[in-house]
Amino acid sequence: MLPSTPKAPPALFELQYWFQTVLTLPIDENNQMVTNRSIEKEACYYVCPSLHLLPKERMGIYHQQYWWRLLSCLHQIFPTLIRVFGYIDFNLSIGVPYLSKYQPRHWSLSMLGLQMPNWIKESYLENDKPLILYSALLDLAYDATFSAPCPKKICFSENLLNAPLSLQPHVKLFALPFDLFTFRAALLQKDPTFWIDHDFPLLSKEQNYYFVLYKNYNQAIIHQQISEGHWILLDCIQKGMTIEKACDSLETIGGSAYEEANHALASWINTWILKSWLTPNQRNYHE
Amino acid sequence: MINLGIGIGLRPEHYEEIFRTQPTIDWFEIISENYMVEEGKPLENLEKILERYPVVQHGVSLAIGSPDPLNFEYLKKLKALARKTKTPWISDHLCWGQLKGAHFHDLLPLPYTQEVINYVAQRAKIVQDYLEIPFALENLSSYVTFKQDQMPEWEFYSAIVEKADILMMLDVNNIYVSSRNHGFDPKDYYNNIPIEKVVQIHLAGHTDYGSYVLDTHNDHVCDEVWDIYAKVYAQTKGVSTLLEWDDNFLSFEDTWKEALRAKTFQKNHATINT
């Protein structure tokens with residue numbers, strides 16, 4: 001039985017409630033609070049002046065620190081987005097609106113960016129929305145793969161084709177309408193400020209692109225372009241299908257993807273095992 | 001309480017150098033939250049550290065003075081990590097940082113009132129009892145004082161520690177930073193706390209903006225802070241000392257050299273005790 005925790009004194013709660021309303025006011029490009037409220041008057045009620053600073057200026061220190069810490073954390077999580085927008089535009093167009101709508105709800109900063117794809121879907125209105133959304137997803141995938149456990153070598157029994165499987169946590173799949181991996185790699189070669197006055201690298205859009213992102217045994221994060229059939233099988237396995245059922249599923253799609261799988265399946269399975277992409281799975285299959 | 005000697009805050013920026021050179025260092029302090037995960041790279045790195053070095057856990061997200069109920073899911077993970085690290089004590093900050101489920105990821109100051117002493121002391125006692133490990137609270141660097149305040153910070157801090165029967169994680173840089181921001185004499189602080197409750201001392205650098213001083217952990221420890229350290233350390237029976245460095249990183253070797261400067265200032269203690 002866990003102990004019950006005491007109730008906060010009302011005067012403390014009132015102060016803290018006011019404090020957080022100031023802390024979370026949006027910040028502008030000059031690092032000032034964006035508000036119609038008279039923070040100067042409010043701050044004088046709660047906060048003492050110092051020898052050099054007025055109450056509002058003292059609160060401004062916390063306000064700046066709050067935003068700079070969270071925005072700096074987003075800069076680390078989303079290196080592609082930072083290069084597409086530049087620091088200032090990212091902060092104003094993405095970071096501040098995102099953090100205002102999705103205030104951090106977890107004690108770990110590692111969770112800070114997880115709602116970004118949702119925010120982009122709901123609130124980002126520009127024409128390049130697919131690029132921005134997939135860039136966010138890709139940045140999050142790199143972050144997750146980096147933090148994931150090392151690839152685990154697993155000995156599978158002989159009836160591998162009928163075994164319930166899944167993908168190890170370091171493996172992420174992407175089906176994209178453009179070659180975002182090559183674009184991202186070229187972007188990341190330069191600092192964010194470089195791209196403010198230089199053209200972006202080429203973003204190839206001739207076809208659909210299928211990728212697997214994974215960690216090798218040296219902990220390096222690798223992206224590998226794969227065929228559509230290869231991707232479909234891995235996607236089925238990711239959802240909990242056996243290899244045999246994944247093949248059945250591919251057969252119903254038919255076409256060149258199925259033909260290719262017919263020829264390449266043994267080699268693909270060999271790759272999956274050698275690179276430790278697979279793991280046994282006790283979950284039921286989810287469509 | 002055991003004196004571990006001189007340590008450094010473990011930061012990912014130094015992993016490669018630490019794993020390659022396997023330096024001789026007394027101990028590391030970890031930020032608990034960075035390792036409160038089920039599995040993955042952070043834990044793999046921690047395992048390697050634990051093979052060679054004592055580790056002490058220091059947290060940033062407990063938010064002991066927040067109005068929200070204590071988060072026992074968080075505490076459960078903290079306790080599980082403590083079993084793994086065998087930390088001799090766990091520390092966090094005398095602050096708040098959470099309200100109605102929102103986390104502000106900052107160490108926010110509390111008003112120094114008797115009501116708040118009672119509130120925080122009750123919660124700190126619950127935390128220590130739950131963790132079943134000695135628990136210490138660290139004094140903050142702060143940038144505001146409140147109209148509600150009824151006493152100076154050192155009186156507030158001491159009262160909570162005494163009432164909850166917990167320990168002090170005394171940050172001497174924070175004493176200096178707050179003394180500059182609020183205009184008090186650091187001597188008034190360290191001469192008026194129960195020094196026998198100090199289990200560990202933090203050292204760090206800061207940034208002086210003229211009209212205020214910010215606790216940035218991005219520079220060498222300044223002379224004034226070393227002076228406070230020497231005075232505090234001399235009053236103790238010898239306590240674990242740790243250098244925090246969180247931005248504008250130096251190499252591990254140079255960070256360790258900075259931490260080792262503490263030995264010079266511990267001489268006072270040796271002289272007094274011989």
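Chain identifiers are assigned alphabetically (A, B, ...) following the order of the sequence lines, protein sequences preceding nucleic acid strands; residue numbering begins at 1 within each chain. The figures here come from the full heavy-atom set of this structure, side chains too, leaving out hydrogens, waters and symmetry mates.
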Problem - Smallest separation among heavy atoms of A11(A) and E115(B), with atom names - result: CB-OE1, 4.2 Å
Problem - Heavy-atom proximity to chain A below 4.5 Å, by part of I31(B) - result: neither
Practice task
Answer whether the closest heavy-atom distance between the side chains of F104(B) and Q103(A) falls below 4.5 Å.
Solution key: yes
Exercise for the section: Output the distance between atom CD (Q219(A)) and atom NZ (K41(B)), rounded to the nearest 0.5 Å. Expected result: 4.5 Å
Handout entry: Note, M59(A) side chain near Y143(B) side chain (heavy atom, < 4.5 Å)
Key = no
Fill in the blank from the handout: With chain B, the option among C150(A), C73(A), S110(A) that has the most non-hydrogen atom pairs under 4.5 Å is C150(A)
Practice task
Let me know if L214(B) has heavy atoms under 4.5 Å from chain A in its side chain, its backbone, both or neither.
Solution key: side chain
Handout entry: Proximal component of S142(B), with respect to chain A [non-hydrogen, under 4.5 Å]
Key = both
Problem - Within 6.0 angstrom of E122(A) CD, more than 12 heavy atoms from elsewhere - result: yes
Completion exercise
d(L2(A) CG, L75(B) CG) to nearest 0.5 Å is 9.0 Å
Exercise for the section: Starting from the C-alpha separation in whole Å, work towards a yes-or-no answer on side-chain contact (heavy atoms from CB on, under 4.5 Å) for Y17(A) and K100(B). Expected result: CA-CA 9 Å; Y17(A) 186 82; K100(B) 293 190 170 180; 4.2 Å; yes
Exercise for the section: Using a 4.5 Å cut-off on heavy atoms from C-beta on, say whether the side chain of E44(B) contacts that of P149(A). Expected result: yes
Handout entry: Residue H170(A) versus chain B: region with a heavy atom under 4.5 Å
Key = neither
Handout entry: L274(A), CG: over 12 other non-hydrogen atoms inside 6.0 angstrom
Key = yes
Problem - Straight-line distance of M111(A) CE to H103(B) NE2, nearest 0.5 Å - result: 10.5 Å
Handout entry: Interface residue of largest heavy-atom contact number with chain B, from Y66(A), Y62(A), F13(A), under 4.5 Å
Key = Y62(A)
Practice task
Can you establish whether the number of heavy atoms outside N36(A) located under 6.0 Å from its atom CG is more than 12?
Solution key: no
Handout entry: Neighbour count >12 (heavy atoms, 6.0 Å) for atom CD, E38(B)
Key = no
Exercise for the section: Can you tell which part of S66(B) gets under 4.5 Å to a heavy atom of chain A, answering side chain, backbone, both or neither? Expected result: backbone
Handout entry: Region of K77(B) in contact with chain A, defined by heavy-atom distances below 4.5 Å
Key = side chain
Practice task
For Y217(A), look at atom OH and say whether over 12 heavy atoms of other residues, nucleotides or ligands are found less than 6.0 Å away.
Solution key: yes
Handout entry: Crowding at CZ, F19(B) (>12 non-hydrogen neighbours, <6.0 Å)
Key = yes
Practice task
Report the distance from atom CG of N181(B) to atom CD1 of I61(A), rounding to the nearest 0.5 Å.
Solution key: 6.5 Å
Fill in the blank from the handout: Of all heavy-atom pairs linking P109(B) and F19(A), the shortest is CD-CZ, 4.1 Å
Fill in the blank from the handout: Separation between CD (Q65(A)) and NE2 (H105(B)), nearest 0.5 Å, reads 15.0 Å
Handout entry: Heavy-atom side-chain contact between R58(A) and T145(B) under 4.5 Å
Key = yes
Problem - Non-hydrogen atoms of P6(A) and Q122(B) that approach each other most closely - result: CB-OE1, 3.5 Å
Exercise for the section: Report yes if some heavy atom in the side chain of V144(B) is under 4.5 Å from a heavy atom in the side chain of Y46(A); otherwise report no. Expected result: no
Exercise for the section: With a 4.5 angstrom heavy-atom cut-off, could you sort out which part of L53(A) is near chain B: side chain, backbone, both or neither? Expected result: side chain
Problem - Taking every non-hydrogen atom, the tightest pair across H52(A) and G210(B) - result: CD2-O, 4.5 Å
Handout entry: Which portion of Y209(B) sits near chain A, non-hydrogen atoms under 4.5 angstrom
Key = neither
Handout entry: Contacting moiety of D129(B), where chain A heavy atoms sit under 4.5 Å
Key = neither
Fill in the blank from the handout: Cut-off 4.5 Å, heavy atoms of chain B, and the answer for R105(A) is both
Problem - Min side-chain heavy-atom separation L15(A)-W96(B) under 4.5 Å - result: no
Problem - Interface moiety of I126(B) toward chain A, non-hydrogen atoms closer than 4.5 Å - result: side chain
Exercise for the section: For residues Q16(A) and P67(B), report the shortest heavy-atom separation together with the two atoms involved. Expected result: OE1-CD, 3.0 Å
Handout entry: Within 6.0 Å of NZ in K101(A), more than 12 heavy atoms from elsewhere
Key = yes
Practice task
Would you indicate whether the side-chain heavy atoms of W107(A) and L62(B) approach each other to under 4.5 Å?
Solution key: no
Exercise for the section: Mind checking the CG-CG spacing from L108(B) to L23(A)? Nearest 0.5 Å is all I need. Expected result: 6.0 Å
Fill in the blank from the handout: Heavy atoms of K147(B) and V47(A) approach each other most closely as CE-O, 3.8 Å
Handout entry: Which of P111(B), S61(B), A102(B), P69(B) touches chain A most, by non-hydrogen pairs under 4.5 Å
Key = A102(B)
Fill in the blank from the handout: The interface call for L110(B) against chain A, heavy-atom contacts under 4.5 Å, is side chain
